[in-house]
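Scroll down for the structure; my scribbles are underneath it.
Below, all heavy atoms of this structure are taken into account, side chains as well, without hydrogens, waters or symmetry copies.
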Number of protein chains: 2
Amino acid sequence: MTLASLPRHQGGADGLARLLGQALLAGRWRPGETFPRERDLCEHFAVSRNQVRNALATLVALGLIERTAGRGSVVCEIDEWHLLDPLVSAWMSDIETPDAQLLREIFAFRHSAEPAVARLAAQAAEAEDLERLEVAYRGMRRTAGRPEASAQHAEHDVAFHTAIYRASHNLVWRQMGHLLRPSIVALIQRSQAHLQPHPDGLEDSLVRHGRLLEAIRGRDADAAEAAAADVLRRTAVDLGIVADAASRPATVPVAEPNAKERSA
Amino acid sequence: MTLASLPRHQGGADGLARLLGQALLAGRWRPGETFPRERDLCEHFAVSRNQVRNALATLVALGLIERTAGRGSVVCEIDEWHLLDPLVSAWMSDIETPDAQLLREIFAFRHSAEPAVARLAAQAAEAEDLERLEVAYRGMRRTAGRPEASAQHAEHDVAFHTAIYRASHNLVWRQMGHLLRPSIVALIQRSQAHLQPHPDGLEDSLVRHGRLLEAIRGRDADAAEAAAADVLRRTAVDLGIVADAASRPATVPVAEPNAKERSA
DNA sequence: GAAAAGCAAATGTCAGACATTTTACCGCGC
DNA sequence: GCGCGGTAAAATGTCTGACATTTGCTTTTC
């Protein structure tokens, strides 16, 4: 694609990196394609080469592009994007239409990981962790079902799950919490666009979150693991990540190996 | 600390970032301490300010240091280090003495996560995944018990677990495989230094790895999950991450919330 | 026709000057 | 003495122009 469709004025210091990074995450250049040259970027955004080079260096550090002298900059394969970097996560959650395949991968990860995180949380949670969980849960209840407050609802939802990752008291899991925001924000937007595929689903979702909270408060690791799986199951079915739970209620079957190409 | 104890000549282009980054990861500056000024780095390493600024920009992108105009560079808290970045992982596995606490956190993560990964792998593995697993397993057998081949043994070990993460066919899990190398390399070094705390442990470990491989090959998700937990359990006990398995053989108890300060 | 030389285009590097932010110090007034 | 403001120093951030290096393509030459 060309530069023409990008806004000419970015925010501030790191605004340029963010603008270009989000364009990449939104898939406006496909992997393998060549990225615009430094000189063109300077002209289009009317900034010095320094700023352009700083922004591009950031994109390189995030594994989004690769630069070689004499050849130019090419967009990396999605496999090489540093999805786990906080910057990438933050940028992704601000995009209107992130890559659908990418979101499914993130959600599939959560579906398999979050039960284990909940188990740890039930074993390691302290008072302040429970406090955070409760505040977020109350916030979710307060904003449930009100379309005008859906953004706040998403924030409370993010806060709830982030609190679980924090409560694991493990450095790695805590840092992985950055993935939650893009995943949850995209889900909320999707559910708004689709005019609530499950009208009663919201109350149901709240009940499940409540059970998870109670399990963690009661330090019941097994119950927490099961409750976390329960929270994610319905959405996983909606996204086509797992088969319908009704058919095999006991275990959590996962899609066949080659099911990636299926449409959402 | 001062600059004096760092070698004066780094490798090449990104060698300076690597040198400084590894010094940070090894804990030679403590969080909160101020990092050397650009000018001092230029003089000490006899390079241009450009190179120094590039290296420091990399460290900033990795969350290792924070820079503000007029004040200088300060080392970030360990919480803010981007442990999941491939660069950080690669640097860490090349350090002789990484932070012990950090390694315990990484291993605790693996202990809670890898069973879930193995479950996914058993459901999604394809022929080439099994091929990779087998090659790595045979390599482990071949190099077992030979002290002169311990480095290769570690590499095969890394390859085995990396193959499991890859076999999950999930983007996020696959990227998380970068954490394996530092964790495994450190363990091997440790076991060498301690003169094999479990002389029969090596054969035992191989048997457990073999069972995990068989479970994945047989697409038995439950068995794979159990086998993965089994592979990690003994080492987890050694590191003080979980209580002795003999006391509570059924479940996998985890340390108390405030057990972080315990020495290794 | 193939290999070598040359040219153009892209990124990488350097050096110097200047801008901006922060901190510390000093003096002044109350 | 205490606080306040102002100035200067020190650190990082930015700009600019020139040059170096790598790469790919073109042209030349045998």
Side-chain angles (χ1 to χ4, degrees), chain A residues 1-4 6 8-21 23-24 29 31-76 80 87, chain B residues 1-4 6 8-21 23-24 29 31-76 80 87:
Chain A
M1 90 156 223
T2 69
L3 268 179
L6 286 183
R8 245 185 279 305
H9 294 299
Q10 73 287 1
D14 295 332
L16 184 54
R18 182 184 138 135
L19 186 67
L20 297 174
L24 282 166
W29 284 276
E33 227 174 317
T34 72
F35 203 70
R37 310 173 314 210
E38 289 183 354
R39 209 178 134 251
D40 291 345
L41 292 169
C42 291
E43 287 181 8
H44 183 79
F45 295 107
V47 296
S48 70
R49 196 158 90 107
N50 235 333
Q51 290 191 35
V52 168
R53 283 186 62 80
N54 284 343
L56 292 179
T58 300
L59 300 184
V60 169
L62 297 179
L64 295 176
I65 64 175
E66 195 177 6
R67 313 188 71 200
T68 53
R71 203 156 54 157
S73 313
V74 298
V75 180
C76 292
E80 298 167 9
L87 261 188
Chain B
M1 89 158 223
T2 69
L3 268 179
L6 286 183
R8 242 181 202 49
H9 294 301
Q10 73 286 2
D14 295 332
L16 185 53
R18 182 184 137 134
L19 185 69
L20 297 174
L24 282 166
W29 285 277
E33 227 174 318
T34 72
F35 203 72
R37 310 173 313 209
E38 288 182 357
R39 213 181 126 240
D40 291 344
L41 293 170
C42 291
E43 288 181 7
H44 183 79
F45 294 107
V47 297
S48 69
R49 195 158 91 108
N50 233 329
Q51 290 190 35
V52 168
R53 283 186 64 78
N54 284 345
L56 293 180
T58 300
L59 300 184
V60 169
L62 297 179
L64 295 176
I65 65 175
E66 195 176 5
R67 314 189 72 201
T68 54
R71 210 165 56 166
S73 313
V74 298
V75 180
C76 292
E80 298 167 10
L87 261 188

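The separation between B/D40 atom CG and D/dA10 atom C1' is 12 Å, rounded to whole Å. Nucleotide D/dT14 holds its P atom 6 Å from the CG atom of A/N54, rounded to whole Å. Protein atom CG of A/L56 is 9 Å distant from nucleotide atom P of C/dG12, rounded to whole Å. If you take CZ of B/F35 and P of D/dA10, they are 21 Å apart, rounded to a whole angstrom. Distance A/R39 CZ to D/dG17 C1': 15 Å, rounded to the nearest Å. For the pair A/I65 CD1 and C/dA10 C1', the computed distance is 13 Å after rounding to whole Å. Spacing between atom CD of A/E38 and atom C1' of D/dC15 amounts to 15 Å, rounded to whole angstrom units.
Here the OG-CG distance, from A/S48 to A/N54, works out to 8.0 Å after rounding to the nearest 0.5 Å. The CG atom of B/N50 lies 10.0 Å from the CD atom of B/E38; values are rounded to the nearest 0.5 Å.
Comparing atom distances between the B/R37 side chain and each of C/dT22, D/dA11, C/dT11 picks out D/dA11 as nearest. For A/N50, taking side-chain heavy atoms from C-beta onward, the closest of the listed nucleotides D/dC15, C/dG12, C/dT13 is D/dC15. Side-chain proximity of A/A69 to C/dT11, C/dT22, D/dG24: nearest is C/dT11. In the set C/dT21, D/dT16, C/dT13, D/dT16 carries the atom at the smallest distance from any side-chain atom of A/S48.
Side-chain N/O atoms of A/Q51 include one lying less than 4.0 angstrom from OP1 or OP2 on D/dC15. For B/R67 and D/dG13, the shortest distance from a side-chain N or O to OP1 or OP2 is below 4.0 Å. Of the side-chain N and O atoms in B/R53, none sit less than 4.0 angstrom from OP1 or OP2 of D/dT12.
Residues B/R49 and B/C42 come closest through the heavy atom pair CA-SG, 3.5 Å. Closest approach of A/W29 and A/L24 over heavy atoms only: CE3-CD2, 4.0 Å.
DNA chain C is contacted by both A/G70 and A/R49; A/G70 maps to the nucleotide lying nearer its 5′ end (nearest heavy atom per residue).
Counting heavy atoms of neighbouring residues, nucleotides and ligands inside a 6.0 Å radius, atom CZ of A/R71 does not exceed 12 of them.
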